[in-house]
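A short write-up of the structure that comes next.
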4 protein chains.
Amino acid sequence: MTVKRKGPKYEKIIDAAVTVIAKHGYHQSQISKIAREAGVADGTIYLYFKNKEDLLISLFREKMGRFIDTTIDEIEHQKSVEDKLLTLIEMHFKQLSVDHELAIVTQLELRQTNRELRAKIGEVLKRYLELVDSIILEGIDQKVFQPNLDIRIVRQMIFGTIDETTTSWVMNDHRFDLIALAKPVHDLLINGFRYRPS
Amino acid sequence: MTVKRKGPKYEKIIDAAVTVIAKHGYHQSQISKIAREAGVADGTIYLYFKNKEDLLISLFREKMGRFIDTTIDEIEHQKSVEDKLLTLIEMHFKQLSVDHELAIVTQLELRQTNRELRAKIGEVLKRYLELVDSIILEGIDQKVFQPNLDIRIVRQMIFGTIDETTTSWVMNDHRFDLIALAKPVHDLLINGFRYRPS
Amino acid sequence: MTVKRKGPKYEKIIDAAVTVIAKHGYHQSQISKIAREAGVADGTIYLYFKNKEDLLISLFREKMGRFIDTTIDEIEHQKSVEDKLLTLIEMHFKQLSVDHELAIVTQLELRQTNRELRAKIGEVLKRYLELVDSIILEGIDQKVFQPNLDIRIVRQMIFGTIDETTTSWVMNDHRFDLIALAKPVHDLLINGFRYRPS
Amino acid sequence: MTVKRKGPKYEKIIDAAVTVIAKHGYHQSQISKIAREAGVADGTIYLYFKNKEDLLISLFREKMGRFIDTTIDEIEHQKSVEDKLLTLIEMHFKQLSVDHELAIVTQLELRQTNRELRAKIGEVLKRYLELVDSIILEGIDQKVFQPNLDIRIVRQMIFGTIDETTTSWVMNDHRFDLIALAKPVHDLLINGFRYRPS
DNA sequence: CATGAATGAGAGTTCATTCAT
DNA sequence: GATGAATGAACTCTCATTCAT
């Protein structure tokens with residue numbers, strides 16, 4: 001049967017899943033535990049999600065969708081390419097800084113899923129990577145970045161650095177100020193890409 | 001009950017584990033499947049490893065240990081900091097390029113393990129990160145890199161970029177030439193870190 | 001809480017149940033599927049039936065009740081014992097021939113129920129078996145059948161043969177002409193029972 | 001993985017399944033209950049059977065296979081067609097009379113399974129029906145039975161009668177002497193089929 | 001009368017680990 | 001040392017039934 005994809009319980013279940021996974025880890029997050037956290041019966045989850053995998057993908061889609069939307073919004077207000085990249089990094093760090101649970105889930109726990117699920121998660125990330133690409137292209141276009149940059153490599157450098165930094169922050173129990181790293185990270189990246197005609 | 005950590009079967013079992021995990025994925029790699037691939041009985045595995053987790057950690061330790069040793073060896077032959085960093089990147093890409101199975105296991109499959117196991121894997125990586133750190137420090141020391149670099153950030157930038165690039169290569173079924181990316185990746189990184197006194 | 005046993009929806013639900021069970025099989029005939037087929041809400045079914053078992057029994061009672069009434073009616077018009085038995089067989093075959101869905105449900109699907117339910121179904125069949133018995137007794141009485149017949153055995157022979165023939169017809173997807181078998185079946189039965197004083 | 005289809009536990013599990021199903025009914029015969037009855041762990045059942053359905057089919061195949069083999073053996077010792085048919089009926093009644101549990105399982109419980117499983121059970125029965133057919137053909141051939149008999153109908157008459165009689169005996173809690181019915185049932189059947197050239 | 005969202009008990013199956021041989 | 005048969009805990013999902021609206 002088809003499932004309802006909205007309603008207050010839909011949100012409540014997703015939030016409960018984030019909480020439970022952050023607290024107990026992916027492999028210890030049984031449906032019954034999530035249901036209890038959400039204050040619903042086990043069966044109720046199946047009124048809103050096809051199965052457990054569907055819940056996890058929905059979780060990622062909802063949370064990352066909002067994450068990406070907000071980031072895009074903010075970037076559009078920036079004029080220069082440098083500010084756009086800075087905003088990208090800042091927004092990434094900010095949004096995960098204010099939601100430690102979500103950070104744990106996206107950086108650590110959801111990566112423990114099987115290949116199939118990770119592929120679907122990858123699709124959600126596509127929009128994010130396209131956003132990164134658009135900034136890179138604009139930078140090249142405006143001669144702020146070197147003309148012969150390999151987009152793919154630059155994208156992996158930006159994303160790899162941000163991701164590794166965030167993961168490191170999460171694994172250190174959020175002990176340092178992640179947001180404060182946005183500026184120096186940005187500097188190093190820009191520095192690497194910058195066009196310096198001699 | 002302590003276990004034997006050497007002997008021909010020890011190696012055989014680890015290699016079998018790599019093969020099975022690369023082929024079937026982490027969650028489809030049961031002890032019995034690994035035993036069959038290794039040509040031993042299920043119980044025999046427990047003569048050499050405390051349990052399944054111990055086998056996986058040993059696998060990572062053995063394989064990454066050799067990986068790091070070889071990398072350190074090669075770097076010692078390099079004079080300049082630039083060449084050392086280049087060698088680090090090249091060795092990383094080369095060693096995974098010649099062993100697709102290992103690449104799949106370290107980049108994709110072993111990340112599906114639980115927090116506890118990943119923490120132990122992290123310890124193995126410490127030596128690698130210390131190697132990276134030593135290069136960075138040398139670069140700063142020799143005024144090749146900016147004096148005020150945040151070591152931690154630079155380390156995450158280097159490792160994050162290399163890791164993300166490799167993962168991307170694995171997820172694209174090793175379709176592009178990973179080794180060829182060493183030079184451009186190196187250029188961008190060095191470019192970012194370089195000291196440019198005005 | 002007592003239920004209503006009449007009204008247009010009562011019939012509609014029973015017919016929906018026959019259709020759904022014939023199409024999807026007993027174990028794939030959930031209340032919600034029957035409700036959808038009947039064009040009512042799940043809960044509505046519980047206004048007309050105590051529970052699912054009650055619905056199935058009611059289904060059998062309604063359908064078989066009419067089946068038996070019609071058969072009795074027709075038999076009353078027959079004079080000879082031979083014709084009465086022939087009519088019994090013909091009516092059985094005819095009524096199931098014109099309603100393939102009902103045939104599937106009574107011959108195959110409703111037999112997958114538990115002992116308790118089948119016992120109740122057995123009670124509905126009692127009237128049918130009494131009808132058979134009355135024909136046998138009349139046959140003996142009129143010296144058409146052997147005087148020392150074991151009623152029980154003869155009843156089981158008649159019912160077993162008719163039932164097995166019908167089931168075989170259903171399992172062969174109604175591919176042969178069931179009604180055409182009435183005459184030869186009747187001949188063999190009568191032949192077996194006939195009184196032949198030497 | 002493939003399963004072992006022999007060994008003492010194989011037999012023990014099948015016998016336990018018969019006992020449990022006879023006692024608690026098909027739908028109340030969980031794997032754990034069967035395992036307990038067999039004195040093995042739940043998982044052990046899966047060393048010998050692919051899944052629950054496989055266990056049920058194996059049960060039927062083993063028990064009915066032996067049933068049919070014994071019946072064929074016994075029939076081969078009979079000279080006349082009449083005696084062969086009598087032996088068929090007697091053996092059927094005898095073998096179920098001495099094993100009340102098996103009778104309950106084959107007559108009542110195993111019929112509650114889904115269509116798919118019943119189809120596989122049907123295949124096992126094929127040999128039995130072929131045996132019946134061979135007797136019928138021999139009877140016609142030797143001019144003991146009428147020359148124009150419809151084999152299919154006769155087969156259904158024989159099987160339907162035997163089956164209905166047995167089921168009736170089981171549903172009456174084995175209260176009457178089933179074996180004693182073999183003779184009169186046989187008489188009625190033979191009587192029905194006999195060739196009487198005028 | 002009718003609805004349909006919510007409930008929650010219940011069971012087949014997998015697989016890491018043990019231990020008698 | 002090596003074997004592999006046996007163990008048994010653990011979890012997702014279905015669906016008959018209820019009851020507030």
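Proteins come first, then strands; the chains are lettered A, B, ... in the order of their sequence lines, and each starts at number 1. Given the structure is predicted, the values throughout are model-derived calculations rather than measurements.
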Rounded to the Å, how far apart are C/Lys9 NZ and E/dC1 P? 9 Å
Length of the line joining D/Lys52:NZ and E/dT13:P, which is rounded to integer Å: 8 Å
Distance, P atom - from E/dC1 to F/dT21, rounded to whole angstrom: 23 Å
Assigned partner base of F/dT21, Watson-Crick or wobble definition, under 3.5 Å: E/dA2
Rounded off to whole Å, could you give me the CG-to-P distance for the D/Leu55 and E/dG12 pair? 11 Å
Could you tell me how the ring of B/His27 sits relative to the ring of A/His27: parallel (under 30°), tilted (30 to 60°) or perpendicular (over 60°)? tilted
Within residues 28-44 of chain A, residues whose heavy atoms come under 4.0 Å of DNA chain F: A/Gln30, A/Ile31, A/Asp42, A/Gly43
Taking pairing as Watson-Crick or G-U wobble with both contacts under 3.5 Å, can you name the mate of F/dA9, or confirm there isn't one? E/dT14
Need one value for D/Ile45: base, sugar-phosphate or nothing, where a base atom within 4.0 Å counts as base even if backbone is also close, heavy atoms only. nothing
Select from D/His27 and B/Glu53 the residue whose nearest nucleotide in DNA chain E is closer to the 5' end of that strand. D/His27
Interatomic distance where CG belongs to A/Asn51 and P belongs to F/dT12 [whole Å]: 11 Å
For the pair made of NZ in D/Lys12 and C1' in F/dA6, what is the distance, rounded to whole Å? 12 Å
D/Leu47 or A/Leu47, whichever maps to the more 5' nucleotide of DNA chain F: D/Leu47
Can you check the D/Tyr48 OH to F/dG4 C1' distance for me, whole Å? 11 Å
Restricting to pairs with a member in residues 39-48 of chain A, which pass side chain to side chain donor-acceptor pair (under 3.5 Å), not counting sequence neighbours? none
Of the candidate nucleotides F/dA2, E/dA6, F/dT18, which contains the atom at the shortest distance from the side chain of C/Tyr46? F/dT18
Starting at atom CD1 of B/Ile13, determine the distance to atom P of F/dG1, rounded to an integer number of angstrom. 12 Å
